[in-house]
Amino acid sequence: MQKTLLTIALSASLGLTATAAHAQTLEAVKEKGYVQCGVTGGVPGFSAPDANNNWAGLEVDFCRALAAAIFDDAEAVRYTPLTSQERFAALSAGEIDVLSRTTTWTMSRDTDLGISFIGTMYYDGQGFMVRKADEIASSLDLSGAAICIESGTTTELNAADYFAANNLEFNVVVFTDQDEVVKAFEDGRCDVYTTDASALAAERSKFANPDDYIILPEIISKEPLGPVVRQGDSTWFNIARWTYFALLEAEELGVTQANVDEMLGADNPSIKRLLGVEGDFGAPIGLTADWAYRIIKHVGNYGESFDRHVGPATQIGLARGLNALWKDGGLQYAPPIR
């Protein structure tokens, strides 16, 4: 009996210790009063500052949604611009709470770096941009071209694999920073700029004459881009993951920033659970029952964020494509809140 009681007591103690450890990021965030978010140095539509250093973009909205869920304040975020080489070290060192920075989900990153991807905010693929005046119609016409690439990304290996598979010769011109890559391409130091197709569209929108450049039709890789957190903190991981899912679920259910208060009185049980009217799905992850209501009230749903920052009506002009909801032929899908 004594041995059984000792075992139960030890198990309970270990359980409490694990719970405390798993809640450490949330408690640290609450104590300092903001979410520290790692972002790009500036990719329009995803994460970029304006002249007053106000950050905006699809990935910035994820950080704002996280802050809204925790603090009921989407502005309770501070942003840390990071290069591709710096991003994972900054996350592992605790310099940021979450990395929301055009980062591709790969097996090696997911298993070797002590980090966890929480979902895919944007389904992307690597493409090529060239000058229209060069009259290049296909990436298969790029043999011998000089190609600008940012180091420390999946872009390098993808390009090498693609050119080797198609028996094409190419010369890589590698830079450590995205801005350096773009400037080198604009200055004519290379013939081609390759990276995620969404980033190509974003960077082209900043050129003095965007119409002078075209993005070739071929997509040569899968680039699921998503937010990342450190491993070992299940509470924080769940908060981040369900923040992403809440953005998707709200769009699917037709709950928007404009109608969310009206939707509090909806008869739909799924909407009631999402908004915290029925059940308490916030308590298990250390949040209030209205955590998702806060997200939608301050930020809107996924579709609203997409349209606001990168959609067809913006300068970037991206179609939903694979990023449409599953019911509209896309890949975006949230498990039910129940």
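What you are looking at is a predicted structure, and each value in this text was computed from that prediction instead of being measured.
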- Item | Beyond-backbone contact of Asn53 with Tyr79, side-chain heavy atoms, under 4.5 angstrom | no
- Under the 3.5 angstrom rule, does the side chain of Glu156 hit a backbone N or O of Gly152 as a donor-acceptor pair? yes
- Could you give the distance from CG (Asp191) to CG (Asn171), rounded to the nearest 0.5 Å? 8.5 Å
- Message: Given 3.5 Å as the limit, does a donor-acceptor pair link the side chain of Ser47 with the main chain of Thr40, or not?
- Response: yes
- Message: Taking CZ in Phe207 as the centre, count heavy atoms belonging to other residues, nucleotides or ligands within less than 6.0 Å. Is the count above 12?
- Response: yes
- Query: Between Thr194 (side chain) and Gly127 (backbone), is there a donor-acceptor pair under 3.5 Å?
  - Reply: yes
- Task: Determine whether more than 12 heavy atoms belonging to other residues, nucleotides or ligands lie under 6.0 Å from atom NZ of Lys32.
- Result: yes
- Separation between CD (Glu31) and CG (Leu26), nearest 0.5 Å, reads 11.5 Å
- Message: For residues Val277 and Leu287: do they belong to one hydrophobic cluster (side chain heavy atoms under 4.5 Å, members Ile, Leu, Val, Met, Phe, Trp, Tyr)?
- Response: yes
- Message: Between Ser143 and Glu169, is the side chain to side chain donor-acceptor pair (under 3.5 Å) condition met? List the steps.
- Response: CA-CA 5 Å; Ser143 188; Glu169 296 182 3; 5.3 Å; no
- Check each of Thr25, Ile96, Leu66 against Val35 using the side chain to side chain contact (heavy atoms under 4.5 Å, CB included) test, and report the only one that passes. Leu66
- Query: Are Leu91 and Val77 connected in a single hydrophobic cluster, I mean Ile/Leu/Val/Met/Phe/Trp/Tyr linked by side-chain heavy atoms less than 4.5 Å apart?
  - Reply: no
- Any salt bridge (charged side-chain N to carboxylate O under 4.0 Å, His left out) pairs touching residues 280-292, not counting sequence neighbours? Asp290-Arg294
- Message: What's the separation between atom OH in Tyr193 and atom CZ in Arg131, rounded to the nearest 0.5 Å?
- Response: 13.0 Å
- Note on the structure: For residues 110-126, the salt bridge (charged side-chain N to carboxylate O under 4.0 Å, His left out) pairs (sequence neighbours left out) are none
- Taking Glu304 for its side chain and Gln257 for its backbone only, find out whether a donor-acceptor pair lies under 3.5 Å. yes
- Query: Do the charged groups of Arg101 and Glu59 touch, with an N to O distance under 4.0 Å?
  - Reply: no
- Query: Ion pair present between Asp61 and Arg308, side-chain N to carboxylate O less than 4.0 angstrom?
  - Reply: yes
- Do Trp236 and Gln24 have side-chain atoms, one donor and one acceptor, less than 3.5 Å apart? no
- Message: I'd like to know if the side chain of Asp134 and the backbone of Ile136 have a donor-acceptor N/O pair within less than 3.5 Å.
- Response: no
- In Å, rounded to the nearest 0.5 Å, how long is the span from CG of Asn268 to CD of Glu278? 10.0 Å
- Message: I'd like to know if the side chain of Arg87 and the backbone of Ser84 have a donor-acceptor N/O pair within less than 3.5 Å.
- Response: yes
- Message: With a 4.5 Å cut-off on side-chain heavy-atom distances among I, L, V, M, F, W and Y, is there a chain of contacts connecting Leu325 to Leu247?
- Response: yes
- Quick one: do Phe62 and Leu58 end up in the same hydrophobic cluster if we chain Ile, Leu, Val, Met, Phe, Trp and Tyr together by side-chain heavy atoms under 4.5 Å apart? yes
- Message: Between Ser151 and Thr176, is there a side-chain donor-acceptor contact under 3.5 Å, judged purely by atom types and distance?
- Response: no
- Message: Do Gln126 and Asp196 pair up side chain to side chain, a donor and an acceptor below 3.5 Å, judged on atom types alone?
- Response: no
- Query: Do Phe46 and Tyr122 have ring centres separated by under 6.0 Å?
  - Reply: yes
- Could you tell me whether a side-chain N or O of Asp97 sits under 3.5 Å from a main-chain N or O of Gln36, the two making a donor and an acceptor? yes
- Message: By the salt bridge (charged side-chain N to carboxylate O under 4.0 Å, His left out) test, which pairs, at least two apart or in different chains, include something from residues 206-228?
- Response: Glu203-Lys206
- Applying ring pair (Phe, Tyr, Trp, His ring centres under 6.0 Å) to Phe170 and not counting sequence neighbours gives Phe163
- Note on the structure: Excluding Leu322, membership of its hydrophobic cluster (Ile, Leu, Val, Met, Phe, Trp, Tyr; side-chain heavy atoms within less than 4.5 Å) reads Tyr123, Leu331
- Message: Assess, by modelled atom type and distance only, whether the side chains of Asn259 and Thr256 contain a donor and an acceptor separated by less than 3.5 Å.
- Response: yes
- Task: Indicate yes or no for a side-chain donor-acceptor contact from Asn166 to the backbone of Leu168 under 3.5 Å, with no hydrogens or angles considered.
- Result: no
- Item | Joint cluster assignment, Leu200 & Leu142, ILVMFWY side-chain distance < 4.5 Å | no
- Item | Check: Thr83/Gln178 side-chain N/O donor and acceptor closer than 3.5 Å | no
- Is a side-chain donor-acceptor pair under 3.5 Å present for Tyr244 with Gln332? yes
- Return yes if a side-chain donor-acceptor contact under 3.5 Å exists between Asp261 and Tyr293, otherwise no. yes
- What one should report as the nearest heavy-atom pair of Ser138 and Leu216 is C-CD1, 3.7 Å
- Not counting sequence neighbours, list each pair that qualifies as a salt bridge (charged side-chain N to carboxylate O under 4.0 Å, His left out) and has a residue in residues 319-328. Glu251-Arg320
